[in-house]
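A, B, ... follow the sequence lines: proteins, then strands. Residue 1 opens every chain. These numbers come from a predicted model, not from an experiment.
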Protein chains: 2
Amino acid sequence: MTPTITVSRWLDLLQSAGCRVTAPRRAIVELMVGTSRALGPIEVFDLGRAEHPGLGLVTVYRTLEKLEELGLIERVHLPDGCHRYLRTADGHQHLLLCTTCGLVQTFAGDDLDPLTGKVASDTGFAINEHWLQFFGTCPDCRKPISTLSES
Amino acid sequence: MTPTITVSRWLDLLQSAGCRVTAPRRAIVELMVGTSRALGPIEVFDLGRAEHPGLGLVTVYRTLEKLEELGLIERVHLPDGCHRYLRTADGHQHLLLCTTCGLVQTFAGDDLDPLTGKVASDTGFAINEHWLQFFGTCPDCRKPISTLSES
DNA sequence: CTTGTATTGAAAATGATTTTCAATTACAAT
DNA sequence: ATTGTAATTGAAAATCATTTTCAATACAAG
């Protein structure tokens with residue numbers, strides 16, 4: 001699906017959920033659909049103002065919250081304690097994140113269901129979520145600044 | 001190693017690092033050594049005041065930071081975005097956390113080194129950290145309140 | 001085009017964490 | 001034991017992220 005079609009789909013889903021389609025929301029949706037980086041609220045705010053200069057930070061928070069409710073984006077947590085938002089991948093994916101620029105790649109990891117079941121029965125916990133995430137530095141961020149390609 | 005000996009060892013390590021051993025620090029160290037729950041700063045503050053009533057929240061933050069620097073405790077992140085501190089386990093362990101009370105269990109998961117190497121060479125990332133964590137509800141927190149045992 | 005209501009952005013409020021600072025205290029050197 | 005000094009303390013203020021409040025605005029249904 002092309003980015004343009006995905007943007008329309010997200011806006012339709014917003015409308016189906018009883019929300020209005022407004023310029024600020026459109027700007028934020030375009031951003032989140034178009035990027036392959038995990039973005040924090042301030043980044044969305046800064047990038048969004050390029051599209052829609054009047055955009056307010058409060059609207060960013062509210063829109064991200066709504067997109068998360070709809071399952072279109074999800075929070076990812078980083079080692080430093082910050083969290084950012086990321087377009088939800090199809091199916092449950094394991095994540096590889098660049099801690100410098102936020103670039104995200106997904107990878108097909110091991111199937112954790114058997115391990116989850118074993119740990120649950122060993123411990124008596126009811127397990128309802130897991131994280132398998134790798135963190136590192138992406139190829140671009142590993143390069144010296146002089147040779148950096150545009151993102 | 002008994003908890004008492006571990007407390008002494010932590011205090012010795014603090015001193016070796018050029019820090020002074022004070023009553024507030026002793027209270028916080030005893031807490032972190034003695035619990036099997038991941039505790040947030042406010043929890044440490046509240047529990048610590050039982051031991052040392054004058055304890056200030058600022059001191060809690062500073063002491064936890066120092067213990068983390070020394071590698072004696074580590075931050076764990078939770079799905080809701082909060083983070084708590086946990087006595088560092090021997091070797092790298094995978095964690096199972098109760099999202100209700102913070103109880104932590106470690107489990108021997110799959111060895112992720114081969115997968116890490118594969119993902120690194122597939123993507124060109126330099127991978128330097130990973131999380132494999134399960135979240136759920138521990139046996140005690142699953143029980144109705146009337147039958148709760150003391151922790 | 002009019003109208004009702006969801007949405008907006010600014011400002012204020014909140015909550016977590018950090019910084020500043022004067023008073024205190026551990027502890028090394030007498 | 002006493003003392004000097006630098007590390008440490010807790011309170012208050014500052015900072016930063018996030019949420020709430022609210023009056024003005026703008027979407028979309030009729």
Roughly, in whole Å, what's the span from [atom1] in [X] to [atom2] in [N]?
{"X": "L14(B)", "N": "dC27(C)", "atom1": "CG", "atom2": "P", "result": "11 Å"}
{"X": "Q15(A)", "N": "dA29(D)", "atom1": "CD", "atom2": "P", "result": "7 Å"}
{"X": "K66(B)", "N": "dT18(C)", "atom1": "NZ", "atom2": "P", "result": "14 Å"}
{"X": "R20(A)", "N": "dT5(C)", "atom1": "CZ", "atom2": "C1'", "result": "5 Å"}
{"X": "D80(B)", "N": "dA17(D)", "atom1": "CG", "atom2": "P", "result": "19 Å"}
{"X": "L11(B)", "N": "dC27(C)", "atom1": "CG", "atom2": "C1'", "result": "15 Å"}
{"X": "L39(B)", "N": "dA16(C)", "atom1": "CG", "atom2": "P", "result": "16 Å"}
{"X": "Y61(A)", "N": "dT8(C)", "atom1": "OH", "atom2": "C1'", "result": "17 Å"}

Practice task
Kindly say if T22(A) contacts the phosphate of dT8(C), meaning a side-chain N or O under 4.0 Å from OP1 or OP2.
Solution key: yes
Handout entry: Side-chain N or O of H52(A) closer than 4.0 Å to phosphate OP1/OP2 of dG9(C)
Key = yes
Practice task
Classify the side chain of R62(B) versus the base of dT9(D) as yes if they form a donor-acceptor pair under 3.5 Å and no if they do not.
Solution key: no
Problem - Ionic contact status for E43(B) with R37(B), cut-off 4.0 Å - result: yes
Practice task
Would you mind checking if D12(B) and R9(B) are paired as a salt bridge, meaning a charged N to carboxylate O distance below 4.0 Å?
Solution key: no
Practice task
Please round to the nearest 0.5 Å and tell me the distance separating atom OG1 of T137(B) and atom CD1 of I127(A).
Solution key: 10.0 Å
Completion exercise
Value for CD (E129(A)) from CZ (F134(B)), rounded to nearest 0.5 Å, stands at 11.5 Å
Handout entry: Sugar-phosphate only, base, or nothing, as touched by I42(A) at under 4.0 Å among non-hydrogen atoms
Key = nothing
Practice task
Can you figure out which of dT17(C), dA28(D), dG9(C) approaches the side chain of V21(A) most closely?
Solution key: dA28(D)
Handout entry: Of the listed nucleotides dT17(C), dA11(D), dT7(C), the one nearest the side chain of V58(B)
Key = dA11(D)
Practice task
Spell out, as yes or no, whether a donor-acceptor pair under 3.5 Å connects the side chain of R25(A) to the backbone of T63(A).
Solution key: no
Completion exercise
Comparing nearest nucleotides in DNA chain D, the 5'-proximal residue of the pair P41(A), T63(B) is T63(B)
Problem - Residue met sooner reading DNA chain D from 5', once E65(A) and V60(B) are mapped to nucleotides - result: V60(B)
